[in-house]
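Sequence lines set the chain letters: A, B, ... in the order given, protein chains first and strands last, and positions in each chain run from 1.
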Number of protein chains: 4
Amino acid sequence: MSSDALTVAEEAHEAVRSARNSVRTRQILRAAARLMARDGSDAVSMQALADEASVSVGLIYRYFGNKQDLLHAVIAEVLDDLAARVPAAIEAAGADPVRRLAGGFRAYCEAIADHRHAALLTYRESKALGVEASERLKKRETATVLPLLHTVEQGVAEGVFAAGVHAELVALDLVMLAHAWALKHWYFEAHYDLDTYIARQTAIGLGALIVPERRADYPDLLDIR
Amino acid sequence: MSSDALTVAEEAHEAVRSARNSVRTRQILRAAARLMARDGSDAVSMQALADEASVSVGLIYRYFGNKQDLLHAVIAEVLDDLAARVPAAIEAAGADPVRRLAGGFRAYCEAIADHRHAALLTYRESKALGVEASERLKKRETATVLPLLHTVEQGVAEGVFAAGVHAELVALDLVMLAHAWALKHWYFEAHYDLDTYIARQTAIGLGALIVPERRADYPDLLDIR
Amino acid sequence: MSSDALTVAEEAHEAVRSARNSVRTRQILRAAARLMARDGSDAVSMQALADEASVSVGLIYRYFGNKQDLLHAVIAEVLDDLAARVPAAIEAAGADPVRRLAGGFRAYCEAIADHRHAALLTYRESKALGVEASERLKKRETATVLPLLHTVEQGVAEGVFAAGVHAELVALDLVMLAHAWALKHWYFEAHYDLDTYIARQTAIGLGALIVPERRADYPDLLDIR
Amino acid sequence: MSSDALTVAEEAHEAVRSARNSVRTRQILRAAARLMARDGSDAVSMQALADEASVSVGLIYRYFGNKQDLLHAVIAEVLDDLAARVPAAIEAAGADPVRRLAGGFRAYCEAIADHRHAALLTYRESKALGVEASERLKKRETATVLPLLHTVEQGVAEGVFAAGVHAELVALDLVMLAHAWALKHWYFEAHYDLDTYIARQTAIGLGALIVPERRADYPDLLDIR
DNA sequence: CATGAATGAGCCTTCATTCAT
DNA sequence: TATGAATGAAGGCTCATTCAT
């Protein structure tokens, strides 16, 4: 009984601690994503991160061993989100490869837009991470292409996408164009909102893929005013 | 007489100095491009640059006011090259918008490949440059899109490119895919050589643009084995 | 009645607390002696001490006000041991000053050997302690020489030790040679065991003290093979 | 000719630089010896060292790679001095092993006294140095015993020192007593000056060594008032 | 009593920039 | 011109100490 009580107390204690942990982690991660992505991880001091997160410098080191680990965690979060949202969106789009691809591409773009600043870090901080960490992240990034790639291949198999197309490169290009929203945001923000951007890129991308005789089936995706 | 002699001597001196000047400049710029592009401008010390260029630190400050200016100069060189090579290639391709676009895209890719490391700096060092310098470079980068954009518009006007296509975005996408060679080089280098990359991207890009009834005219550009 | 009961309960409580107190104190002190002596007090963090003692950092501060006090307590323990063991050994050796001195020296060496690591702290941490604490410890250390000094003086008075010898310095030298076991342990450990060390140092020390005509009386102390 | 001139200029330049180098080195080394030895290397900040040496922090790092190297250099200087002065003093003392040993011991003590603070570092900073550096210094320290050891052995061979004595340990003890001047300086400074200290320790040490029938030959070394 | 999360001052080290030569 | 010694501000990180729970 008393041992049960103790266990319960301990569990409660553990729960409190782990909850606080995750709050802190999120707090710091968010601040780091914001500042590092905006200015580059080198340009942001740990003091600045601490200030932005409203914690002390020392505390950051309790949750993330060093600056590198923090950077790694920020990038990993984006990849986690991509890995979750893109496949889900594809499934949610039904059976038609065209709609699946459009859905997946939209999800990819939206995820990038949500983490716009952090997404840039991948391109900037290869050196700031260790080689191994860098390799691991590259592998994970490569993996985010696969859902789109499989959908393209499905479309080719079903005859709705042109057979001659290089499926892998098309998938990579779509990913690249999603990233472009972050990479060239300074340009796009003055000319498009995200929805317009996605719609137009979808039209261009599907235009390169769908065989002529099936284009009439997707006026909503292909006809942009 | 003596004044003439002096003038001559002075001119000679000027010439020598200017020659040496430009030699020094080039020497330093090349070293900076190499090191900064490889490791990021933050990660390279002025001492390392001086060593690589076989000059003293102090001398770098004589030719470039500070590290920022040096970085700026490195990036500007890439843009200079693009501004020179892409329009030239378009002109060299003749009158057909399809061939002009393919030529321009190829030139863009090749220029990026030639400065692969330095091209990345644009994406990495927005903060390391001042805001104004950054703006100036962005404008110049935007300008590199124009030759391709005009070619797309020409193609639309001539009816070989689909009218519904958003010309500006297509041009930007092509530029983006050229940059992708540098941005994702860690991936592409294991899968494609530059020529294959250009050929396949050209096929995809033109596939999205050329109207169905004209595709048969460009089997060399559209049919990839 | 109830007040009596309370008193009893309080006493029990006090006893428990005090017992736990001393257990805790010993626990922490032992851990501190081990780690500080091995690595130097600067090199050991309070967290490491807490871990080694299986308590929390906060608890250390309840028993020892701060790191300095803890260091002080560790050193004081060695001096306590010396103050207890050396006089006891001298008394246990009987009336002969020669045997008393040999016994005291042996006890001194053995005590140092038992606290070899901690004994070094005296020489390393003068600054880490406050000035006053440092002075206090120095006085106590000086006091550990007295039993040996008195024994030397007794020997001189009894005519077994040479009159011309500087008694105080001889006593200090003996203490120094005892400390040497700790100070130069990296050297001695490869060449002598503690017993051999003591025997040989005793022979040398007594050789400098005993008058020639009495040497034959102590073949066991003076003749080393 | 002009090449000769150049060489001369270069040599002059080199000479100036190397002179300045050695001045700086000495300047920093002296400051480091002073502060590190007094307070322990951990307790002294690089800023404090820089201030004491009247140079900037950065400059220290030009001459000594890091704090560890600086500490190493400080200790090495003491050992250098010992390695030079002790053998020289022994040779200068003539052929008699007794006078040679006395001379060597005096030189050892004087060298320690000259570097009193720095000599302490050996005992305090084994951890602050790397393991290899520490080993190297220990070997060099061991080597400083050899001149005294050889002199003791010579004395035994010539019959002036007792045959039964453990020569190696005696030599080590003498070294230890020399170090004691630094280790226990807080005590000795109130009781002896260096000359008195040396004289008395010499009397004690030789008292333990010289055979009874030869003692009358060295009244100046053995008779202390 | 006991815990350990949180703080922030301070340390070692690097490096852009200057300037005497 | 050209050099590189010298400077010192700033950054990453540690850890003694405190305090809410």
Side-chain angles (χ1 to χ4, degrees), chain A residues 12-13 16-17 20-21 23-24 41-51 54-68 70, chain B residues 13 16-17 20-21 24 41-51 54-70 128, chain C residues 13 16-17 20-21 24 41-51 54-70 128, chain D residues 12-13 16-17 20-21 23-24 41-51 54-68 70:
Chain A
H13 192 253
V16 167
R17 206 176 62 169
R20 183 165 44 193
N21 262 21
V23 167
R24 289 303 199 195
S41 75
D42 278 331
V44 183
S45 69
M46 292 304 276
Q47 185 59 62
L49 288 176
D51 291 348
S54 305
V55 296
S56 67
V57 205
L59 197 65
I60 299 182
Y61 284 86
R62 175 173 287 276
Y63 291 95
F64 301 88
N66 54 39
K67 205 182 184 183
Q68 217 169 96
L70 184 49
Chain B
H13 189 253
V16 166
R17 201 177 60 168
R20 184 161 48 186
N21 216 298
R24 291 301 203 192
S41 74
D42 278 329
V44 182
S45 69
M46 294 302 275
Q47 185 60 63
L49 288 176
D51 293 347
S54 306
V55 297
S56 68
V57 231
L59 200 62
I60 299 182
Y61 281 84
R62 184 163 292 278
Y63 290 99
F64 301 87
N66 55 38
K67 204 181 183 184
Q68 221 168 88
D69 289 355
L70 185 48
Chain C
H13 189 253
V16 166
R17 201 176 63 168
R20 186 162 49 186
N21 216 298
R24 293 299 205 194
S41 74
D42 277 330
V44 182
S45 69
M46 293 302 275
Q47 185 59 62
L49 288 176
D51 291 348
S54 306
V55 297
S56 69
V57 232
L59 200 62
I60 300 182
Y61 281 84
R62 183 164 293 279
Y63 290 99
F64 302 86
N66 55 37
K67 203 182 184 183
Q68 220 166 89
D69 289 355
L70 185 49
Chain D
H13 192 253
V16 166
R17 206 177 60 167
R20 185 166 41 190
N21 263 21
V23 166
R24 289 303 198 193
S41 74
D42 278 331
V44 182
S45 69
M46 293 303 277
Q47 185 58 62
L49 287 175
D51 291 348
S54 305
V55 298
S56 67
V57 211
L59 198 64
I60 299 182
Y61 283 85
R62 174 172 288 274
Y63 289 96
F64 301 88
N66 53 39
K67 205 182 184 183
Q68 215 170 97
L70 184 49

- Per atom distances to the D:K67 side chain, the nearest of E:dT13, F:dT7, F:dG11 is E:dT13
- Item | For atom CD1 of B:I60 and atom P of E:dT17, their distance in whole Å | 11 Å
- Write down the distance between CE (D:M46) and P (F:dA9), rounded to a whole number of angstrom. 17 Å
- Message: Regarding A:R62, tell me which of base, sugar-phosphate or nothing describes its non-hydrogen contacts under 4.0 Å with the strands shown.
- Response: base
- Task: Looking at every strand, decide which applies to A:Y63 at a 4.0 Å heavy-atom threshold: base, sugar-phosphate, or nothing.
- Result: sugar-phosphate
- Where do A:N66 and A:Y61 come nearest, in terms of heavy atoms and distance? CA-CE2, 3.9 Å
- Item | Relative orientation of the end axes in the helix from E:dA2-F:dT21 to E:dT21-F:dA2, expressed as an angle to the nearest 10° (five pairs per end) | 0°
- Task: Round to the nearest Å and state the distance from C:Y61 atom OH to F:dT18 atom C1'.
- Result: 9 Å
- Closest to the 5' end of DNA chain E, once B:Q47 and C:Q47 are matched to their nearest nucleotides, is C:Q47
- Query: Start at the 5' end of DNA chain F and walk down; is the nucleotide closest to B:L59 or to A:V44 reached first?
  - Reply: B:L59
- Task: Send over the distance from C:L49 CG to E:dG4 C1', rounded to a whole Å.
- Result: 16 Å
- Task: Rounded off to whole Å, could you give me the CG-to-C1' distance for the B:D42 and E:dT14 pair?
- Result: 13 Å
- Task: Taking all non-hydrogen atoms of both residues into account, name the closest pair between A:V44 and A:K67 and its distance.
- Result: O-NZ, 2.6 Å
- Query: Under 4.0 Å between a side-chain N/O of B:R24 and OP1 or OP2 of F:dT1, yes or no?
  - Reply: no
- Message: Taking only side-chain N and O atoms of C:S45, does any of them lie within less than 4.0 angstrom of OP1 or OP2 on F:dC15?
- Response: no
- Please report the shortest heavy-atom distance between B:A50 and B:V57, naming the atom on each side. CB-N, 3.7 Å
- Query: Out of curiosity, D:L49 CG to D:S41 OG, how far, rounded to the nearest 0.5 Å?
  - Reply: 9.5 Å
- Query: So which one's nearest nucleotide on DNA chain F is more toward 5', C:N66 or A:V57?
  - Reply: A:V57
- Query: Between E:dT17 atom C1' and B:F64 atom CZ, what is the distance in whole Å?
  - Reply: 16 Å
- Message: Can you tell me how far apart CZ (C:R24) and CG (C:L59) are? Round to the nearest 0.5 Å.
- Response: 5.5 Å
